Amino acid sequence: MRKFWTVLAVLLGALAVGGVATLVEQVERGDGSATAGDVLVAFVLALAAWLSWRRRAL
């Protein structure tokens, strides 16, 4: 089961990094396309990755 949590944490972490990169790109564009929802999605993905990593240690 530890492998499952490790893989899940890595995948969610990769999605979180991609979400943050997209958010930064939107902000740099400066056209106001970055919304609170974009920030929330990146935060939730990062939190899920962190929780999966912590679950793996149990």
Side-chain angles (χ1 to χ4, degrees):
M1 203 61 188
R2 185 175 174 156
K3 289 180 183 178
F4 168 77
W5 291 111
T6 301
V7 169
L8 183 63
V10 169
L11 289 175
L12 288 171
L15 286 172
V17 168
V20 169
T22 301
L23 182 62
V24 168
E25 202 173 281
Q26 289 174 344
V27 169
E28 285 178 348
R29 235 185 290 145
D31 60 358
S33 62
T35 63
D38 297 326
V39 174
L40 183 63
V41 167
F43 174 75
V44 168
L45 285 170
L47 180 62
W50 180 78
L51 290 173
S52 296
W53 189 258
R54 295 284 301 174
R55 175 74 178 146
R56 162 196 152 316
L58 297 177

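Remember, it's a predicted structure, so these values are computed and weren't measured experimentally. When reading the values below, keep in mind they use all heavy atoms of this one structure, side chains included, and skip hydrogens, waters and symmetry mates.
Here Val41 sits in one hydrophobic cluster together with Met1, Phe4, Trp5, Leu8, Leu12, Leu15, Leu45; the rule is ILVMFWY side chains under 4.5 Å apart, joined directly or through other members.
Both Leu51 and Phe43 belong to a single network of hydrophobic side chains, linked directly or stepwise wherever heavy atoms of I, L, V, M, F, W or Y lie under 4.5 Å apart.
Of all non-hydrogen atoms in Ala16 and Ala42, the two that sit nearest each other are CB-O, 4.2 Å.
Screening residues 40-52 for side-chain hydrogen bond (donor to acceptor under 3.5 Å, both in side chains), with sequence neighbours left out, gives no hits.
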Return a table of donor-acceptor pairs under 3.5 angstrom between the side chains of residues 25-33 and protein atoms on other chains or two or more places apart.
residue : atom : partner : partner atom : Å
Asp31   : OD1  : Ser33   : N            : 3.2
Asp31   : OD1  : Ser33   : OG           : 2.9

